[in-house]
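Computed from heavy atoms alone, side chains included, the values below leave out hydrogens, waters and symmetry copies.
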Amino acid sequence: MHKPHRPSGRTNLASCIVATIFLIFVIIVLLILFFTLFKPKDPEISVNAVQLPSFSVTNGTINFTFSQYVSVRNPNRAVFTHYDSSLQLIYSGSQVGFMFIPAGKIDSGRTQYMSATFSVQSFPLTETSTMGPTSVDGVRIGPTLEIQSRLKMGGRVRVLHIFTHQVETTARCSVAISVSDGSVLGFHC
């Protein structure tokens with residue numbers, strides 16, 4: 001009679017290696033599918049309004065309070081935690097205003113409405129940065145000036161409470177202001 005043939009140690013080792021390689025391949029494919037389907041996206045910023053609650057021009061120097069109202073939408077399936085956010089005002093290539101935005105969280109798929117209001121340091125009105133009298137719908141509105149606002153929101157999104165993905169988004173707007181009364185004539189983002 002023949003004795004039953006027992007597999008050798010080399011055959012068992014080869015089978016374990018093949019099974020391990022197959023499992024690693026399956027895990028990599030699942031991770032690729034997961035991150036393509038659930039890839040974290042940057043939040044979406046929409047500027048809703050810009051206002052100047054106070055405005056004055058004295059001896060060619062401008063002083064005003066700036067308010068910007070935005071909505072921030074989190075398109076992810078996880079909470080967006082923002083902690084590196086700021087609003088910057090630029091006039092004639094120089095920063096005239098800056099504000100840090102407090103840290104916070106926006107739930108998945110939600111939109112949060114935010115406002116930022118701060119006093120802008122006084123700065124001289126330069127003739128090269130003001131436009132002459134213009135008209136809107138046939139009405140002459142006098143000289144205008146243009147400032148730039150730059151809103152940056154940075155933070156992270158955690159996927160499955162394990163993986164952390166850094167996200168950042170910005171909104172840049174040009175704001176046209178009437179020098180005579182400080183009214184916002186329009187903004188383009």
Is any side-chain heavy atom of [X] closer than 4.5 Å to a side-chain heavy atom of [Y]?
X: Tyr91; Y: Val120; result: no
X: Leu125; Y: Val179; result: yes
X: Asp84; Y: Lys152; result: yes

Are [X] and [Y] grouped together when hydrophobic residues (ILVMFWY) are joined by side-chain heavy atoms under 4.5 angstrom apart?
X: Val70; Y: Val184; value: yes
X: Tyr69; Y: Leu89; value: no
X: Leu52; Y: Val47; value: yes
X: Val18; Y: Val26; value: no
X: Leu30; Y: Phe22; value: yes

Taking all non-hydrogen atoms of both residues, which atom of [X] and which atom of [Y] are closest, and how far apart?
X: Arg77; Y: Ser108; value: C-CB, 3.5 Å
X: Pro75; Y: Pro43; value: CD-CA, 3.9 Å
X: Phe55; Y: Ile62; value: CE1-CG2, 3.8 Å
X: Pro53; Y: Ser67; value: CG-OG, 3.5 Å
X: Ser71; Y: Asn48; value: N-ND2, 3.5 Å

Kindly compute the distance separating [atom1] ([X]) from [atom2] ([Y]), expressed to the nearest 0.5 Å.
X: Glu44; Y: Thr111; atom1: CD; atom2: OG1; answer: 8.0 Å
X: Met153; Y: Thr170; atom1: CE; atom2: OG1; answer: 11.5 Å
X: Gln148; Y: Arg172; atom1: CD; atom2: CZ; answer: 9.0 Å
X: Gln51; Y: Phe187; atom1: CD; atom2: CZ; answer: 10.0 Å
X: Leu185; Y: Ser178; atom1: CG; atom2: OG; answer: 5.5 Å
X: Ile28; Y: Leu23; atom1: CD1; atom2: CG; answer: 11.0 Å

Keeping the roles fixed (side chain from Asn76, backbone from Lys41), state whether a donor-acceptor pair exists under 3.5 Å.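 Looks like yes, one N/O pair under 3.5 Å.
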
Looking at Asn12 and Cys16, would you say the former's side chain and the latter's main chain have a donor-acceptor pair under 3.5 Å?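 No: the side chain of Asn12 does not pair with the backbone of Cys16.
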
Decide whether Asn59 and Thr61 meet the rule of one side-chain donor and one side-chain acceptor closer than 3.5 Å.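 There is no such pair between these side chains.
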
How far apart are the C-alpha atoms of Met99 and Gln68, what are their side-chain angles, what is the distance that settles it, and do they pass the side chain to side chain contact (heavy atoms under 4.5 Å, CB included) test? CA-CA 11 Å; Met99 178 182 181; Gln68 185 167 315; over 6 Å; no

Would Tyr83 and Arg156 satisfy side chain to side chain contact (heavy atoms under 4.5 Å, CB included), going step by step from the backbone distance to the final call? CA-CA 8 Å; Tyr83 49 83; Arg156 69 172 181 252; 4.1 Å; yes

Look at the rings of Phe64 and Phe123 and say which category their plane angle falls in: under 30° parallel, 30 to 60° tilted, over 60° perpendicular.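 The arrangement is perpendicular - the two ring planes meet at more than 60°.
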
Is there a side chain to side chain contact (heavy atoms under 4.5 Å, CB included) between Asn74 and Asp107 once you walk through the steps? CA-CA 7 Å; Asn74 178 10; Asp107 291 332; 6.0 Å; no

Phe100, CZ atom: more than 12 neighbouring heavy atoms under 6.0 Å: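 Result for CZ/Phe100: open.
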
For a side chain to side chain contact (heavy atoms under 4.5 Å, CB included) check, start with the C-alpha distance between Ile101 and Leu151, then their side-chain angles and the critical distance, and finish with the verdict. CA-CA 9 Å; Ile101 296 175; Leu151 175 63; 3.1 Å; yes

